Amino acid sequence: MASSGAPKSHIDAAVQSLNVLKLDKASIKTQLQSAVSSNTDAFRQALVNTLERRLFYIPSFKIYRGVAGLYDYGPPGCAVKSNVLAFWRQHFVLEENMLEVDCPCVTPEIVLKASGHVDKFTDLMVKDDKTGTCYRADHLIKDYCKEKLDKDLTMTPEKAAELKHVLAILDDLSAEDLGAKIKEYGITAPDTKNHLSHPYPFNLMFQTSIGPSGFSPGYMRPETAQGIFVNFKDLYYYNGNKLPFAAAQIGQAFRNEISPRQGLLRVREFTLAEIEHFVDPQDKSHPKFSEISSLEFLMFPREEQMSGQSAKRLQIGEAVSQGIVNNETLGYFIGRVYLFLTRLGIDKERLRFRQHLANEMAHYAADCWDAEIECSYGWIECVGIADRSAYDLSAHSDKSGVALVAQEKFPEPREVEKLVIAPVKKELGLAFKGNQKMVTEALEAMDEKVALEMKADLESKGEVEFHVCTLGKNVTVKKNMVSISKEKKKEHQRVFTPSVIEPSFGIGRIIYCLFEHAFYLRPSKAGDEQLNVFCFPPLVAPIKCTVFPLVQNQQYEEVAKFISKLLTAAGISHKIDITGTSIGKRYARTDELGVPFAITVDSTTSVTIRERDSKDQIRVNVENVASVVKEVTDGQSTWDDALKTYPLHSSGSAED
Ligand code: AMP
């Protein structure tokens, strides 16, 4: 308007209307958000009530008021967990011939010192100055920024941009930065509004001591991976000294989370299923890559995240060939994880693979992707898939003195130029006496660049100052104490530290997301009630089928027991319910446990099978019923096939 010469009064009026519209827009956005979040809260409440009432899980030590971050699985939860783990073993361990191990949870300090956990496995914590209650510093800042962005209608665009930026770089902020932000934003303890301490690192490992002396410190393992790394030498030998190969482990992990929240998603003891796939760093191709290369799913590469775009559908084959995913083996596991999660029943539209930003990755990692599943808490990391290069094996080689390496034998010997460092022990002994061993070891451990610089200095000056880490000081090395040369040698093999590609599955997180994706409410026929249903695929369902005599009658009970025997012989988990409760109530009770099929005995020769979600029923002879259920639950055929083969039972509304 200004450029077309409109009068100032018109411009002012237009600006004013724009401001009103802006406020309207912000208030509609807030109303929408609060409608969505109250829906989400109601959904979560209904789900959690059902899960706890039907004993899928139970807060641990409940009669003593429980402990935050610790949960028990009850009977149906245990069955779901064991189905998920059985499928994990089939889909990964069996399919890839992985070497499964089972290592102790109690781990000596030296192992976790070598892996870096003793020094670095920390979160930054703040304490309520008066009550001593602890909080994660980054969580408080995250909550503050999100709340302001959601609810503060008067915020300027500059302030909003600043808060968004803080959210984006939160993982990068040091203790000092976080402390400064807490001060700047006036953040106080959420429960008491008391002043907070400065942030300081808190190690998440549970410490213990091994044996009665108290001299042998240990920790409860924070991950299962270290058990595999320390066994590398034996596993490599077991595998016929051949690469690539993978080892796998399922077991408990322990993390003393500062303030566990989000139910089963952030707990202090949980089941991890981890794979360590060892591969030659010079060849990260995968022989079975073509089997998954055409899979297409939501991926969220680094570039899209940085430029504020959303996740996009990509073919994994293309993602690897375009260099978005670092290598074929990493891509192969991303594809296999996608198949694993979707076959369990995770909704593929609410599953994405997010690449770590450069600041999230450890310096040694080549590339990392998280399988994130969307649930009522947002997008949650459920599986981490990382190319950790040679870091872990090198760290344990250095600390233990045992070479965790692989060899590649050459068909023909190859001539190579090698650096030879030969310390002259006699001279070193005379000069350094008791320290001779440490000086010798430090000289032998020099890398090529340092050694060649020393050679040049010794030749020009005759002596050189040399720092020996293990002595914590410099010593003077003279020309007669060491000979450094480059020699041509014939080599018959290449010795190298393998790279490791690690998919790491948080089983509890996957199960919780499965619960969310499978849960729905449907109105009862009378419309007076909402009935809870879990639409678990048969693979996951805690019980595959129920057997109900329609009415209490001895003949029907005999048939029900006969069918139960057939189901047991076929290895199908089932439940027989001979109570006289109405059939509709019995169906509703088992729908709430996610049982996919119900057999109702309403005659002595044939029975009906009802499918949980469609409520369709077919009529099948008593002798055939177990094999029909087995075929459909094992995935050899589908319910649609059964519908085509067997007559539909038309009085299918018996339950209502
Ligand atoms: P990380 O080693 O931190 O990458 O964790 C590996 C996997 O463990 C993650 O992808 C999560 O699924 C799971 N996880 C990590 N911390 C917790 C926790 N406190 N509670 C439940 N699962 C967790």
Side-chain angles (χ1 to χ4, degrees), residues 79-80 83 86-87 90-91 339 342-348 517-518 520 522 525 531 533-551 553 555-578 582-656:
V80 169
N83 292 338
F87 183 54
Q90 186 197 325
H91 187 80
L339 290 177
T342 49
R343 283 183 191 161
L344 282 180
I346 293 295
D347 177 356
K348 56 181 188 298
H517 288 198
Y520 69 97
R522 71 174 163 211
K525 182 74 185 283
L531 303 175
V533 188
F534 281 107
C535 59
F536 296 129
L539 178 72
V540 167
I543 300 167
K544 310 300 176 205
C545 118
T546 46
V547 189
F548 302 146
L550 182 62
V551 287
N553 147 337
Q555 272 183 321
Y556 288 0
E557 274 179 30
E558 290 303 319
V559 176
K561 283 182 190 157
F562 174 68
I563 293 173
S564 166
K565 269 197 172 154
L566 293 180
L567 289 168
T568 307
I572 295 183
S573 62
H574 63 281
K575 201 171 162 181
I576 177 164
D577 182 348
I578 53 171
S582 83
I583 196 77
K585 284 223 171 81
R586 280 186 276 174
Y587 283 150
R589 279 207 302 243
T590 56
D591 287 347
E592 209 174 48
L593 286 176
V595 182
F597 301 105
I599 298 169
T600 302
V601 180
D602 57 356
S603 98
T604 50
T605 49
S606 70
V607 295
T608 64
I609 308 178
R610 169 211 188 243
E611 194 274 334
R612 176 195 57 212
D613 299 303
S614 61
K615 298 199 268 176
D616 284 342
Q617 297 189 43
I618 52 171
R619 182 159 288 282
V620 180
N621 282 341
V622 169
E623 291 73 31
N624 295 343
V625 70
S627 58
V628 173
V629 174
K630 183 167 173 60
E631 276 177 21
V632 181
T633 51
D634 282 359
Q636 292 153 8
S637 67
T638 63
W639 176 249
D640 278 346
D641 297 333
L643 280 176
K644 282 181 208 139
T645 318
Y646 295 94
L648 207 63
H649 177 72
S650 53
S651 61
S653 56
E655 63 195 270
D656 301 313

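What you are looking at is a predicted structure, and each value in this text was computed from that prediction instead of being measured. Because only heavy atoms are used, hydrogens play no part in the values below, and waters and symmetry mates are left out as well, while side chains stay in.
- Smallest separation of non-hydrogen atoms from Phe536 and Pro542: CD1-CD, 3.8 Å.
- Atom CD1 of Ile618 is separated from atom CD of Glu611 by 10.0 Å, given to the nearest 0.5 angstrom.
- Side chain of Arg586 to main chain of Leu550: a donor-acceptor pair is present (N/O by atom type, distance under 3.5 Å, no hydrogens or angles).
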Hey, mind stepping through Asp591 and Arg610 against salt bridge (Lys or Arg N to Asp or Glu O under 4.0 Å) and telling me if it holds? CA-CA 11 Å; Asp591 287 347; Arg610 169 211 188 243; 3.0 Å; yes
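- Interatomic distance, Lys630 NZ to Cys545 SG, rounded to the nearest 0.5 Å: 12.0 Å.
- For the pair Thr546/Asp577, no side-chain contact is recorded, criterion being any heavy-atom separation below 4.5 Å from C-beta on.
- Side-chain contact between Lys575 and Arg589: absent, with no pair of heavy atoms (C-beta onward) separated by less than 4.5 Å.
- Atom CG of Asn621 sits about 8.5 Å away from atom OH of Tyr646, to the nearest 0.5 Å.
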Let me have the donor-acceptor pairs involving side chains of residues 558-573, under 3.5 Å, with sequence neighbours excluded, atom names and distances please.
residue, atom, partner, partner atom, Å
Ser564, OG, His574, NE2, 2.9
Thr568, OG1, Ser564, O, 2.8
Ser573, OG, Lys544, N, 3.3

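- Taking 4.5 Å as the limit, every side-chain heavy atom of Leu539 sits out of range of all side-chain heavy atoms of Asn83.
- To the nearest 0.5 angstrom, Phe548 atom CZ is 10.0 Å from Ile576 atom CD1.
- A donor-acceptor pair shorter than 3.5 Å can be found between the side chains of Asp641 and Thr638.
- How far CG of Asp616 is from CG of Leu648: 5.5 Å, rounded to the nearest 0.5 Å.
- Interatomic distance, CZ of Phe534 versus CG of Asp613, reported as 12.5 Å (0.5 Å rounding).
- Counting only heavy atoms from C-beta outward, the side chains of Val629 and Ile609 approach each other to under 4.5 Å.
- For residues 604-634, no residue pair satisfies the ring-ring contact (aromatic ring centres under 6.0 Å, His included) rule, not counting sequence neighbours.
- For His517 (side chain) and Asp347 (main-chain N/O), a donor-acceptor pair under 3.5 Å exists by modelled atom type.
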All N/O donor-acceptor pairs, side-chain side in residues 592-605, below 3.5 Å, sequence neighbours left out:
residue, atom, partner, partner atom, Å
Glu592, OE1, Arg53, NH1, 3.2
Glu592, OE1, Arg54, NH1, 2.9
Glu592, OE2, Arg53, NH2, 2.9
Glu592, OE2, Asn532, ND2, 2.8
Thr600, OG1, Tyr587, OH, 2.6
Asp602, OD1, Arg619, NH1, 3.3
Asp602, OD1, Arg619, NH2, 3.3
Asp602, OD2, Arg619, NH2, 2.6
Ser603, OG, Thr605, N, 3.2
Ser603, OG, Thr605, OG1, 3.4
Ser603, OG, Ser606, N, 3.1
Ser603, OG, Ser606, O, 2.8

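- The aromatic rings of His91 and Phe87 sit tilted, their planes meeting at an angle between 30° and 60°.
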